[in-house]
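Encoded as C-alpha cells, the structure appears first; notes follow it.
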Amino acid sequence: PVVVKIGGAKAVDPAGAVGDVAALAADGRSVVVVHGGSTVVDETIERLGMEPEYVESASGVTGRFTDADAMEAFTMAMAGKLNTELTALFREAGVDAVGLSGVDGGLLSGPRKSAVRVVEDGKRKIRRGEHSGKIESVNADLLAGLLADGYTPVVSPPMEGTESDGGVTPVNADADRAAAAVAGALGADLVLLTDVAGVYADPDDPDTLIESAATPADLEAIEDAAEGFMGKKVMAATEALSGGSGRVFIADANATDPILAALDGSGTTIEQSAVDGTDEDAEDAEETEAVDA
Amino acid sequence: PVVVKIGGAKAVDPAGAVGDVAALAADGRSVVVVHGGSTVVDETIERLGMEPEYVESASGVTGRFTDADAMEAFTMAMAGKLNTELTALFREAGVDAVGLSGVDGGLLSGPRKSAVRVVEDGKRKIRRGEHSGKIESVNADLLAGLLADGYTPVVSPPMEGTESDGGVTPVNADADRAAAAVAGALGADLVLLTDVAGVYADPDDPDTLIESAATPADLEAIEDAAEGFMGKKVMAATEALSGGSGRVFIADANATDPILAALDGSGTTIEQSAVDGTDEDAEDAEETEAVDA
Amino acid sequence: MTTDTDPVLAEDPITGEEIELPADVEVGEIIDSPVTGTELEVISLDPVTLEEAPELEEDWGE
Amino acid sequence: MTTDTDPVLAEDPITGEEIELPADVEVGEIIDSPVTGTELEVISLDPVTLEEAPELEEDWGE
C-alpha cells in the first residue's frame with residue numbers, strides 16, 4: 001500500500017490528489033490517505049467565539065496550546081467537517097473511502113501529554129491542561145482489513161490519548177507524524193505532499209532541489225537544509241523510515257497529478273537506506289532533529 | 001448482533017448504555033450502536049453564531065430545515081464531537097469501538113432531498129437548499145466485517161446523499177430511522193432507548209404501558225397511541241421490522257442497565273409478526289403512519 | 001406604473017393560460033392552478049415563473 | 001503586611017531549604033533550585049508550592 005499525506009489547509013482543495021488516489025485505486029494499488037487541517041481548526045475556534053492559542057516551546061518551535069475548548073473545536077473541525085467532507089469528495093470520485101480518526105478502533109494511540117514546556121515573555125513555564133499526545137501504536141490490522149475489502153481509509157487526528165488513570169480521550173496529534181506512524185506500521189511508502197517541490201539545499205535557490213537521499217550523510221544534509229515547517233516534514237519522514245516505511249517522497253501538492261509525480265521522483269525521495277545502518281535508533285534520530293526557529 | 005439506538009441529547013450521558021454494551025460485548029454478543037444528537041446540533045449552530053431553523057411540514061411534523069451552513073454545523077457536531085467523544089467513552093469502558101458516519105464506506109446511502117414542502121404563516125411552500133435524504137441502502141458488509149473482527153461500530157448521521165448529477169454530499173438523516181435501516185439490513189434485534197418506559201395506550205396513565213405487539217392489530221393500536229416524538233420511534237420500529245429485523249424493543253434510557261432491561265422486555269416489544277402477513281409493503285406501512293401533530 | 005395592489009400575472013406552465021397570483025405571493029409558494037388544479041411552484045418573481053411543484057416525501061433528519 | 005516588592009519565599013521540595021522566588025513569579029513558572037540546580041515548577045502561589053518539574057518531550061499536534 002502507499003500512504004499519502006495531504007494538507008488540510010484553507011478549503012482543502014485536493015482535487016489533484018483525489019484524482020490520483022482514484023487512479024491508484026483503479027490500478028489496484030491500495031492507498032491510505034492521511035490529512036491535517038490546522039487552518040480550518042483555527043477558523044472553527046474563531047467561529048465558536050474563541051481565540052486559537054499558540055505558544056513557543058523550549059526549542060523554539062511554535063505549537064498550538066490545545067485546552068479542552070480548543071480540543072472540542074479541533075475534533076469538530078478535523079474528525080467532523082474535514083474528514084467527512086473529504087471522504088465524500090473521494091467517494092464522488094469513485095474511491096470507496098472510509099473516514100476514520102485516530103480514536104476509531106484505537107487506530108492512532110498513545111499517552112496523552114497534559115503539560116507542555118513553553119517560553120512566555122522570556123520565562124520558562126509549564127502549561128497544564130494540554131490535549132496532545134505521542135503516537136506509540138497504530139492499529140495496522142484495522143487498516144489492513146479495510147484495505148483487503150477494497151476500501152480506502154481516510155485518516156485524521158485526533159488520536160486516542162490514554163491517561164495515567166486509564167482514561168481515554170481524543171487528543172491533538174501532528175498529521176505528518178500520524179502519516180509517518182501509519183506508513184511505518186504498514187511498511188508502506190509515504191508521500192508527504194507540501195506546498196513546495198521538495199527539500200532545497202538553499203530554500204531561496206530553486207535549482208538546489210535535493211532529489212534523493214540514500215545514506216545517513218545525505219539525510220543529515222537534508223535535516224540541516226530543512227527549516228521550520230519543512231523540518232517537521234523531514235522529522236516525520238525519518239520516523240516513517242525508522243518505523244518500517246520503505247521510502248518517503250516529499251513533493252509538491254500543487255503539481256499536476258501530484259501523487260503520481262511524487263511516486264515518479266519529482267520531489268525529494270528519501271530511501272530506507274538513509275536511516276539503515278545508523279546505530280542511532282529512532283529516538284536519537286529525533287534528538288538530533290534541531291529544528292531551527 | 002443487536003442494534004442499540006441511544007440518544008444524543010444534552011451532554012450525552014449514556015453511562016448506563018455504555019456499561020451494558022460493555023457487558024454484551026464481553027458476553028460475545030456483537031453490538032452496533034447508533035446515536036443521534038439534535039440538541040447538540042442546535043447548540044453548535046448557535047455557538048457558530050447562527051439560528052437553528054425548524055419548519056412545519058405539510059403533515060404537521062416539525063423538522064429541521066438543514067441549509068448548507070446548518071449541514072456543516074451538523075457534521076461538526078454529530079460526526080465530529082459526539083461520535084468521537086462517544087467512541088472514546090466506549091473505548092474507556094473496554095469496548096473496541098469504531099466510530100463511523102453514514103458517509104464512511106457509504107454505510108447509510110440514498111438520494112439527497114434538496115427541497116421540502118412546508119407550511120409557513122398558513123402558506124404552502126417549497127423550500128429549496130435542504131440537505132436531508134432517505135436511507136435506501138446500508139453497507140451491511142462493512143458492519144459485518146468490523147463485527148467479525150471484534151469491533152463495536154458506533155454509527156451516526158450524516159448519511160451519504162447522492163445527487164442526481166452523480167454528486168456525493170453528507171446530508172441529514174433521522175438517527176432512529178438510521179438505526180432501523182441498520183437493524184433491518186443486519187436482520188438484528190433493535191433497541192430504541194428513549195426518555196419514557198415504552199409506548200403507553202394513554203400517555204397520561206403510567207399503568208397503560210403496552211408490553212408487546214405480536215399482530216398487525218396490536219401494531220395499529222401502538223401506532224394510534226404513539227404521539228409526536230413517540231410516533232417517530234414507532235415508525236422506525238415498523239421500518240426495522242419490515243426491513244428484516246426480528247424484534248424491536250422501545251424502552252427507558254434512564255433505567256438501570258437500560259439495554260439489558262430492554263432486552264428482557266421491560267418496555268414495549270414489537271415482534272416481527274406484527275408486520276408479517278400484512279399485505280402492505282413497507283411504503284404503505286409508512287403512509288398509514290399518521291403522525292399526529 | 002404597477003402599484004402594490006396590482007394583481008401579479010403569471011403563465012400556467014401546463015396550459016399556457018394567464019393566472020392571477022395573490023398580491024403577497026412569495027418565491028417558493030405553492031399555487032393551485034385554477035384551470036387544472038395542479039400544484040404550481042413560484043420559482044421566481046422577477047420575472048414571474050411558475051413550474052409544476054415536485055412530489056416530495058417527508059424525510060426529516062435530526 | 002507584605003508589599004509587592006517583598007521576596008516570595010518557598011520551600012525547596014527536594015532539600016527542604018527556603019528559596020527566594022522573583023517578585024513577579026507566576027504559577028507554572030520554572031525556577032532553578034539555587035542549591036541543587038533542579039528545575040522546579042511553581043504549582044501554586046496561594047500557598048506557595050513547588051514541585052520538581054516533569055521531563056516533557058515535545059509532541060506538537062496540528
Looking only at heavy atoms, the pair that brings A:Thr44 and B:Met76 closest together is OG1-CE, 3.7 Å
Quick one: of A:Gly49, A:Gly106, A:Ala77, A:Pro158, who has the most non-hydrogen atom pairs under 4.5 Å with chain B?
A:Gly106
With sequence neighbours excluded, residues passing salt bridge (Lys or Arg N to Asp or Glu O under 4.0 Å) with A:Glu136
none
Given heavy-atom pairs under 4.5 angstrom as the criterion, report whether the side chain, backbone, both or neither of B:Thr84 touches chain A.
both
Part of residues 143-154 of chain A lying next to chain B, heavy-atom separation under 4.5 Å
A:Leu146, A:Tyr151
Most heavy-atom pairs under 4.5 angstrom with chain B, which of A:Asp96, A:Leu142, A:Thr162?
A:Leu142
Working to the nearest 0.5 Å, report the span between NZ of B:Lys81 and CE of A:Met71.
11.0 Å
Most chain B-contacting option - heavy-atom pairs closer than 4.5 Å, from A:Asp104, A:Val103, A:Thr87:
A:Asp104
If you tally heavy-atom pairs under 4.5 Å between each of B:Glu72, B:Glu160, B:Arg91 and chain A, the highest tally belongs to B:Arg91
